[in-house]
2 protein chains.
Amino acid sequence: MEITAKTIDKFVVNILEEVGNSLIIDTTKDKLVDTKRDRNDLVTNFDKSTEKFIVSMIKEGYPNSTIVSEEGFGDDVKNMDGLVFFVDPIDGTMNFVKRGDDFASMIGVYLDGKPFVGGIIDVMQKRVFHGGPELGIYCNDKKLPNPQNKSLREGLIDISARMVLSDWLNTKEIVKNSSGLRVYGSAGIIFEHLLLGKEVMYMSYLAPWDLAAGRVLCEGAGLQVTSVDDTPVNMLKSQVVIAGTQKVVSEVLKTVKNCD
Amino acid sequence: MEITAKTIDKFVVNILEEVGNSLIIDTTKDKLVDTKRDRNDLVTNFDKSTEKFIVSMIKEGYPNSTIVSEEGFGDDVKNMDGLVFFVDPIDGTMNFVKRGDDFASMIGVYLDGKPFVGGIIDVMQKRVFHGGPELGIYCNDKKLPNPQNKSLREGLIDISARMVLSDWLNTKEIVKNSSGLRVYGSAGIIFEHLLLGKEVMYMSYLAPWDLAAGRVLCEGAGLQVTSVDDTPVNMLKSQVVIAGTQKVVSEVLKTVKNCD
């Protein structure tokens, strides 16, 4: 298929809508739940089957691309040359298993290392956020305005529970300077909140598949995504990432620096 | 009007539906935002007008009742004799102002000190949770099954950001023993999560109007609501409250005790 932002955007949206329809039904079914790194790092039979489906669709549509994916059905990607797809079949698996809401499926597409197209489906709300720097950002068929460039004081922020509990990187100080802390437990859902201007910052330790789609969409919406030492994020490793409005990211980077 | 659970339940649901319809429109309007105890304790013109409306409806329907309410349009209630209404016009005002979702309106009704009828509307999801110990618990017209009696290890919990950040009452230890922490920022929305079995515990410092409706509904659904020293909650003062499954509340009380 054609390597244009428009074609790939449509391709990604179609896959995510199909995944969403199937996962909505699955929330009512029994899940085979297994753990990965620790007892709260969950994976289900649905994570695996969904990833297999997405990977097979990509292999069919773009056989010359490479795929970085969470559950191991992708490729062993060593560099960002050409077209690279990042796949998170179920983001927020804990929410999927325990809540049946606030989980997402995500596909991020990069061309020669540059953010190209991203798609996040909020499965239970049936909302697909998609687009990129070239196309602008959409929620389903509706074009979204860029979120306002608010300051930390003016907005709610979401930081992973793990970071907050250990006060890692001065997170307490950051929360104190904001309107308040929220913890929703799914990167995809929190990227949605940033795109809609419901929150002004998200900080968490993220793997490439947690970050890829959200980064494309944030950058397409005038938001900033960076690593904590203010270097560009590396899409082939896990790292602490700050995403938010330009103002908030600059404020947070200062607070993070002060904790050395 | 008649003082029966069924009549009051219908009365409460009607008021909350009317409030919900009006607040959904208000989320798109400019808000006059003011602060109360600190810069993150917000009140808007809509909190005040909504409370005035609810109080006037109660005064009309049940002129002999007394009203405990957040914004000061109720009565100066000194005891729990007779019929007492607790009114929180907008619960989660910060979410209302900053997010436009995850906020609620709540009415709790007590008869001679006993939980009688409760109603919580999740405004943006158009869901009214209502009923009580006598009637059972409903989401709109659908009767809800009681949530499973899960243990701490098996479920997500919600603790107010303020408590988590200060590790007040051993909250870190409690989070560590659970499936994970979520922070949604509205008591009403979190009581909804407990009733639907999406979370197994909620701990926060709550005023009477934050707690009243949620307590009625939780107790009607077989959940437990208690103060941290395991004495019955006092409905005429603010206090730290633990609400959750029987198993989780008993586990959490043990952890809280260990922090002396």
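Order of the sequence lines fixes the chain letters, A, B, ..., with proteins taken first and strands second; residue numbering starts at 1 for each chain. Bear in mind that the values here come from a model prediction, so they are computed numbers and not experimental data.
Of the possible polar contacts, none joining the A/Asn40 side chain to the B/Lys176 backbone as a donor-acceptor pair under 3.5 Å is found.
At most 12 heavy atoms of other shown residues, nucleotides or ligands fall within 6.0 angstrom of atom CG in B/Asp30. The number of heavy-atom neighbours closer than 6.0 Å to CG of B/Asp38, taken from other residues, nucleotides and ligands shown, is above 12. Around the CG atom of B/Asp229, the shell of radius 6.0 Å holds more than 12 heavy atoms that belong to other residues, nucleotides or ligands. For B/Lys31, the NZ atom is densely surrounded, since the number of other residues' heavy atoms within 6.0 Å is greater than 12. Enclosure of atom CD in A/Gln246 by more than 12 non-hydrogen atoms of other residues, nucleotides or ligands within 6.0 angstrom is indicated. A 6.0 Å sphere centred on NZ of B/Lys36 holds more than 12 heavy atoms belonging to other residues, nucleotides or ligands.
Atoms CG and CG, on B/Asp167 and A/Asp167 in that order, are 11.0 Å from each other to the nearest 0.5 Å.
Neither the backbone nor the side chain of A/Thr171 has a heavy atom closer than 4.5 Å to any heavy atom of chain B.
Ranked by non-hydrogen atom pairs under 4.5 Å with chain B, the options A/His193, A/Arg39, A/Lys172 are led by A/Arg39.
Listed here is the closest heavy atom pair of A/Val175 and B/Leu165: CG1-CD1, 3.5 Å.
Contacts of residues 91-106 of chain A with chain B at a heavy-atom distance below 4.5 Å involve A/Met94, A/Asn95, A/Lys98, A/Arg99, A/Asp101, A/Asp102, listed in sequence order. Contact residues of residues 194-208 of chain A toward chain B are A/Gly197, A/Lys198, A/Glu199 (heavy-atom distance under 4.5 Å). Residue-level contacts of residues 156-164 of chain A with chain B, in order of numbering, are A/Leu156, A/Ala161, A/Val164; threshold 4.5 Å between heavy atoms. Inspection of non-hydrogen atoms places no residue of residues 214-221 of chain A under 4.5 Å from chain B.
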